[in-house]
2 protein chains.
Amino acid sequence: MTLYKEYDRLLVAVDCIIFGFHGDKLKLLLIKRDFEPEKGKWSLMGGFAKREESLDDAANRILTSLTGLKDVFLEQLYCFNSVDRDPVERTISVTYYSLINIEDHDEELIKQNDASWFDLGDTPNLIFDHNEMVERAHQRLKYKAEHYPVGFELLPPKFTMPELQSLYEAIFETEMDKRNFIKRIGSLDILVKLDEKKRTSGKKGAFLYQFDPEKYQQQLKTGNKFQVKP
Amino acid sequence: MTLYKEYDRLLVAVDCIIFGFHGDKLKLLLIKRDFEPEKGKWSLMGGFAKREESLDDAANRILTSLTGLKDVFLEQLYCFNSVDRDPVERTISVTYYSLINIEDHDEELIKQNDASWFDLGDTPNLIFDHNEMVERAHQRLKYKAEHYPVGFELLPPKFTMPELQSLYEAIFETEMDKRNFIKRIGSLDILVKLDEKKRTSGKKGAFLYQFDPEKYQQQLKTGNKFQVKP
DNA sequence: GCAAAAGTGTTGCCACTACACCCATGG
DNA sequence: CCATGGGTGTAGTGGCAACACTTTTGC
């Protein structure tokens, strides 16, 4: 009973676009590839799908192997499928993008994998079609951040308004007025203002806030849509 | 030199969600599956990817084999990847959704393939995870139609305002005010009003319009974004 | 005491919604 | 002549952008 016998089987790669945020800049985690072809060049972190594992699981495995993190934001992006995208053998690549709090990653694993963080927009040239993957991931992030509260995945649990604003400015590649920004975010009613202040080497401290998933659920039930305009 | 030797190769299916529009209703083109497993059940049109062909090409091949159409709107949707989604063998499915003018399809091919059109929202139960694929395609269509001028792909080259409006109402599953609708579409300045009228068995004829891709390009250059609010 | 960053309100405009009547035609 | 569907304008409102000064604190 060999149904499907006559069809081709293909190599399936899973590549991860890993975003972080630090010091007003969106960051990308890249590795120096340690196997042929293109050994030594910069590349996204990736691996091959296994027969007995879903691609979602594979993406999580790959992400964890580089960052040590589990249960972080990870979403399928696109399947890159040109015939000649990998010179060795026909391989399709299903990409996933991840948003992580950059403070959480495991330094040791990063070193072991010859990885490092780059400013998005100041990335080295990447192998194969990985530049295109990054571009598409950024487009998706813009859309996603505009319509869903995913920005907080890139920040520590407690953050200040100026931090949140410069995150959105980095994602959307624009500047915003801080009064209007606070009004907009405030009107969403999904944050909790804490009594603590954060003093960033800096003069006057800024109040800390937390994202409250329950408040967000409440807003959804009420029919209010999350939206942050670029 | 057998790089990548130790990795698994997987079956890669390509499934197409084919949308049409007729008589105020969004339609879906489905086939009665003619091979095991699940032979005789309703299913999306699909096939297997070939080693020497991109998935985009495969999707086009599959679409053409059922509809006779080439060069129509066809966009990758999502890669469905659960381990057990196909009971016969581990198979991932890369889905594509297509928007076609329902008048253009080839009746003969439809018959040969045991296919027929269903109202979206009145579809039979589909095999495997195909119901989920349809749901995701509809979500994507809502987004796409809101932000890009893809609605016209579902209409004949010449169409009336009431037709266009009921298309958007079908996609968004809402009702709209016709005066506001015309104002919104008009302000986009991407249509050409023709001197002809279309008399639909009906009393007073309605003016015909055409989508003008050049005007749309012009608008993009001017920085005006296409947007039709649900 | 001064430099650097945080915080705070008001006004004007534009875009969107709501809404009701007349017109043309075929039967 | 009447039923059906196509076409048209206005007024009110709410949300968004533009905009500048005061406060706190570390040095």
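The sequence lines fix the lettering, A, B, ..., with proteins before strands; numbering per chain opens at 1.
Distance CG (B:N180) to P (D:dA11): 15 Å, rounded to an integer number of Å. Rounded to whole angstrom, the span from the CG atom of A:L188 across to the P atom of D:dG15 amounts to 12 Å. Straight-line distance from the CZ atom of A:F181 to the P atom of C:dA6: 13 Å, rounded to whole Å. Between the NZ atom of B:K197 and the P atom of C:dA24 there is a distance of 8 Å, rounded to whole Å. Remark: C1' of C:dA6 and CG of A:L208 are 13 Å apart, rounded to the nearest angstrom. Taking atom CZ of B:R184 as the reference point, atom P of C:dA18 lies 10 Å away to the nearest angstrom. One can place OH of B:Y209 at 10 Å from C1' of D:dG6, the figure rounded to the nearest angstrom. Rounded to whole Å, the distance from CE on B:M176 to P on C:dA18 is 12 Å.
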Please step through salt bridge (Lys or Arg N to Asp or Glu O under 4.0 Å) for the pair B:E196 and B:K158, ending with a clear verdict. CA-CA 10 Å; B:E196 316 166 54; B:K158 299 176 180 182; 2.8 Å; yes
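Residue-environment remark: CD (A:Q227) exceeds the threshold of 12 foreign heavy atoms within 6.0 Å.
Taking for each of A:F207 and A:K183 the nucleotide of DNA chain C with the nearest heavy atom, the 5'-most of the two is the partner of A:F207.
Near-neighbour residues of DNA chain D inside residues 155-175 of chain A, defined by a heavy atom below 4.0 Å, are absent. Of the residues in residues 216-230 of chain B, not one places a heavy atom less than 4.0 Å from an atom of DNA chain C.
Listed pair B:R199 / C:dA24 fails the phosphate criterion, with no side-chain N or O lying under 4.0 Å from OP1 or OP2.
In this structure, A:K197 forms a cation-pi arrangement with A:F207, its terminal cationic atom sitting closer than 6.0 Å to the ring centre and no more than 45° off the ring axis.
When side chains are defined from C-beta on, B:L120 does not count as touching B:K25, because their heavy atoms never get closer than 4.5 Å.
Judged by atom type and distance alone, A:K204 does not reach the base of D:dG26 through any side-chain donor-acceptor pair under 3.5 Å. In terms of polar N and O atoms assigned as donor or acceptor, the side chain of A:K203 never comes within less than 3.5 Å of the base of C:dA3 in a complementary pairing. Within 3.5 Å, a donor on the side chain of A:R179 pairs with an acceptor on the base of D:dA20, or the reverse.
Note: B:W42 and B:H130 fail the aromatic proximity criterion, with ring centroids not under 6.0 Å apart. Taking the six-membered ring for Trp and the full ring otherwise, the centers of B:Y78 and A:Y78 sit at least 6.0 Å from each other.
Relative orientation of the A:H147 and A:Y143 rings is tilted, given thresholds of 30° and 60° on the angle between their planes. Ring geometry for A:F152 against A:F226 counts as perpendicular: the plane angle is over 60°, on a 0 to 90° scale with 30° as the lower cut.
In this structure, NZ in B:K41 is found 10.0 Å from CZ in B:R33, a value given to the nearest 0.5 Å.
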